[in-house]
Number of protein chains: 2
Amino acid sequence: MSLPHAILTALLEKPSSGLELTRRFDKSIGFFWSATHQQIYRELGRLEQSGLIRSCPQPPSRGQRKEYEVLPAGRTALADWIADPQDPKPVREPMVLRIRAAAAVGGRGLAEELGRHLELHVRQLAEYLEIERHDFPAERLAAGGERLALQHRVLRAGIGMEEYWVEWLRGTLAVLGD
Amino acid sequence: MSLPHAILTALLEKPSSGLELTRRFDKSIGFFWSATHQQIYRELGRLEQSGLIRSCPQPPSRGQRKEYEVLPAGRTALADWIADPQDPKPVREPMVLRIRAAAAVGGRGLAEELGRHLELHVRQLAEYLEIERHDFPAERLAAGGERLALQHRVLRAGIGMEEYWVEWLRGTLAVLGD
DNA sequence: AGCTACATGTAAAGGGTTACATGATTTT
DNA sequence: AAAATCATGTAACCCTTTACATGTAGCT
């Protein structure tokens with residue numbers, strides 16, 4: 001049940017049309033919650049039906065831009081969801097699965113894949129660090145309040161995740177390279 | 001397309017019935033690829049249909065135990081899958097999403113959730129470290145070959161993941177506790 | 001008038017989750 | 001004989017993914 005709340009958050013940050021939301025999911029929001037435009041349009045319909053958001057008054061026809069904004073009920077629903085107990089989702093890591101399979105049938109061709117993934121994660125890490133340098137310099141963090149600090153924690157989650165993968169992939173490549 | 005290959009790997013390690021597989025997915029395999037018994041039975045049927053596994057000769061009736069083993073075609077399919085290029089899946093981290101939502105509408109009640117998750121991850125990390133101490137002592141790792149080293153990398157993935165969460169949750173709690 | 005980009009949507013297929021159903025075996 | 005447990009399976013629902021369809025606006 002995270003997608004509707006991801007959309008509510010995005011709309012609170014800035015009222016948007018479906019396509020604008022899709023673009024933002026491809027960028028910053030997508031760093032920790034991805035979604036396609038089909039998912040987003042469907043969910044926008046449901047959220048409007050439930051009275052959590054509304055589209056601005058003009059009644060647009062099919063190919064027309066439709067801007068949504070969050071209603072008070074939507075803000076309340078989001079605040080409730082934040083504090084709601086939810087267990088961490090069970091893990092599903094295909095790459096780790098491949099290593100276990102390689103332990104069973106041999107790892108021919110796996111090193112290339114590990115190297116390719118390593119490069120992808122190195123690149124993503126560099127992108128995150130660049131954002132951090134640009135948006136969260138030390139003096140701004142010292143001056144800013146909790147809101148800024150939380151936004152920084154979101155970015156830090158991405159940085160830690162990529163560092164984790166980079167280190168793990170390097171270590172695993174070292175084993176295969178023996 | 002990971003579940004069938006997870007099952008092939010598990011069956012190569014040891015031929016099993018559906019329920020036995022389910023138990024192993026609840027334990028070691030489930031640390032990085034979870035699956036319910038319904039998924040497993042469905043997939044066993046498909047794998048048998050495709051000629052990648054077979055159930056042992058006795059034709060069992062409904063409530064009867066049915067043991068599966070991997071056929072040569074299944075082993076080949078698994079080896080192919082290991083080297084097949086697959087991009088990392090887009091990330092979906094509900095907890096990070098909640099932090100971003102908290103930055104927008106305030107984090108009331110979130111600290112409890114963060115603390116609860118922290119405890120869960122601390123416990124999981126301790127479990128992994130205990131397995132490492134028991135199954136991968138330094139002298140065994142030095143003597144063992146690539147197979148053992150790869151199995152260790154699988155466990156190391158779990159350890160690194162939990163360490164990452166523990167550190168991130170502690171840092172985020174520190175922000176909220178200000 | 002045709003082309004391209006923008007914008008919203010529909011359809012179908014597959015995986016995952018939850019709840020339930022049924023047969024066989026063991027225990028009391 | 002009844003109950004509990006083991007074991008396999010069905011059904012319905014939701015989410016995600018992929019491919020396709022349709023309408024609008026601006027430009028040449």
Side-chain angles (χ1 to χ4, degrees), chain A residues 1-8 10-11 14-26 29-30 32-50 53-56 58-68 81 86-94 97, chain B residues 1-8 10-11 14-26 29-30 32-50 53-56 58-68 81 86-94 97:
Chain A
M1 291 298 298
S2 291
L3 179 57
H5 301 100
I7 292 177
L8 285 173
L11 287 181
K14 179 177 181 318
S16 305
S17 68
L19 195 61
E20 276 175 334
L21 281 177
T22 304
R23 297 225 169 94
R24 288 164 64 197
F25 270 82
D26 284 343
I29 301 172
F32 53 92
W33 197 273
S34 69
T36 63
H37 83 270
Q38 292 84 349
Q39 289 174 268
I40 288 167
Y41 282 121
R42 191 200 326 169
E43 206 59 51
L44 283 172
R46 287 183 195 159
L47 285 168
E48 188 173 25
Q49 205 84 33
S50 319
I53 64 174
R54 70 164 184 193
S55 55
C56 298
Q58 317 95 309
S61 60
R62 184 167 172 117
Q64 291 280 55
R65 191 191 144 77
K66 205 156 61 174
E67 180 126 340
Y68 292 92
W81 176 76
Q86 304 165 51
D87 284 339
K89 299 243 90 180
V91 177
R92 287 216 179 80
E93 295 291 354
L97 192 57
Chain B
M1 292 294 298
S2 291
L3 179 56
H5 301 100
I7 291 177
L8 286 173
L11 287 180
K14 180 177 179 318
S16 307
S17 69
L19 196 60
E20 276 174 333
L21 280 177
T22 303
R23 298 225 168 92
R24 288 164 64 197
F25 270 82
D26 284 343
I29 301 172
F32 53 94
W33 197 273
S34 69
T36 63
H37 84 270
Q38 291 86 346
Q39 288 175 270
I40 289 168
Y41 283 121
R42 193 198 315 174
E43 205 59 50
L44 282 171
R46 287 181 195 160
L47 285 168
E48 188 174 24
Q49 205 84 35
S50 319
I53 64 174
R54 70 163 183 192
S55 55
C56 299
Q58 317 95 309
S61 59
R62 184 168 170 116
Q64 291 280 57
R65 190 191 145 78
K66 204 157 61 173
E67 180 126 338
Y68 291 92
W81 176 76
Q86 305 165 52
D87 285 339
K89 298 245 91 179
V91 177
R92 286 214 179 83
E93 297 290 354
L97 191 57

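We name chains A, B, ... by the order of the sequence lines, and we start the count at 1 in each one.
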Look at [X] and [N] and indicate whether a side-chain polar atom (N or O) is within less than 4.0 Å of OP1 or OP2.
X	N	value
B/Q64	D/dA7	no
A/S17	C/dT8	yes
B/R42	D/dA11	no
A/K89	C/dG16	no
B/Y41	D/dG9	no
B/Q39	C/dG16	yes

Nearest-Å distance, [atom1] ([X]) to [atom2] ([N])?
X	N	atom1	atom2	result
A/F25	D/dT16	CZ	C1'	14 Å
A/I40	C/dT10	CD1	P	16 Å
A/H5	D/dC15	NE2	C1'	15 Å
A/R65	D/dA25	CZ	C1'	13 Å
B/E43	C/dG14	CD	P	12 Å
B/L97	D/dC15	CG	C1'	15 Å
A/H37	D/dT22	NE2	C1'	12 Å
B/L44	D/dT8	CG	P	9 Å

Side-chain touch B/L44/B/L11, heavy atoms, less than 4.5 angstrom: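 They are in contact (side-chain heavy atoms under 4.5 Å apart), so the answer is yes.
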Within-4.5 Å side-chain heavy-atom neighbours: A/T36 and A/Y41: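 Of all side-chain heavy-atom pairs linking A/Y41 with A/T36, none is under 4.5 Å.
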Indicate whether any N or O donor in one side chain lies under 3.5 Å from an N or O acceptor in the other, for B/R24 and B/S16.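 Side chains of B/R24 and B/S16: pair found under 3.5 Å.
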Which is true for B/S34 with a 4.0 Å heavy-atom rule: it touches a base, it touches only sugar-phosphate, or it touches nothing?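 Answer is nothing: B/S34 stays at 4.0 Å or more from every strand.
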Output the single nucleotide from D/dT8, D/dC15, C/dG16 whose closest atom is nearest the side chain of A/R46.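 Looking only at side-chain atoms, A/R46 lies closest to D/dC15.
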With nearest nucleotide decided by heavy atoms, which residue, A/M1 or B/E67, maps closer to the 5′ end of DNA chain D?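 This one resolves to B/E67.
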Tell me which of B/R23 and B/Q38 sits closer to the 5' end of DNA chain D, going by the nucleotide each one is nearest to.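 By nearest-heavy-atom nucleotide position, the 5'-most residue is B/R23.
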May I have the step-by-step check of salt bridge (Lys or Arg N to Asp or Glu O under 4.0 Å) for B/R23 and B/E20, ending in yes or no? CA-CA 5 Å; B/R23 298 225 168 92; B/E20 276 174 333; over 6 Å; no
So, the side chain of A/E48 versus the backbone of A/Y68: is there a donor-acceptor pair under 3.5 Å, distance only?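 Looks like no, no N/O pair under 3.5 Å.
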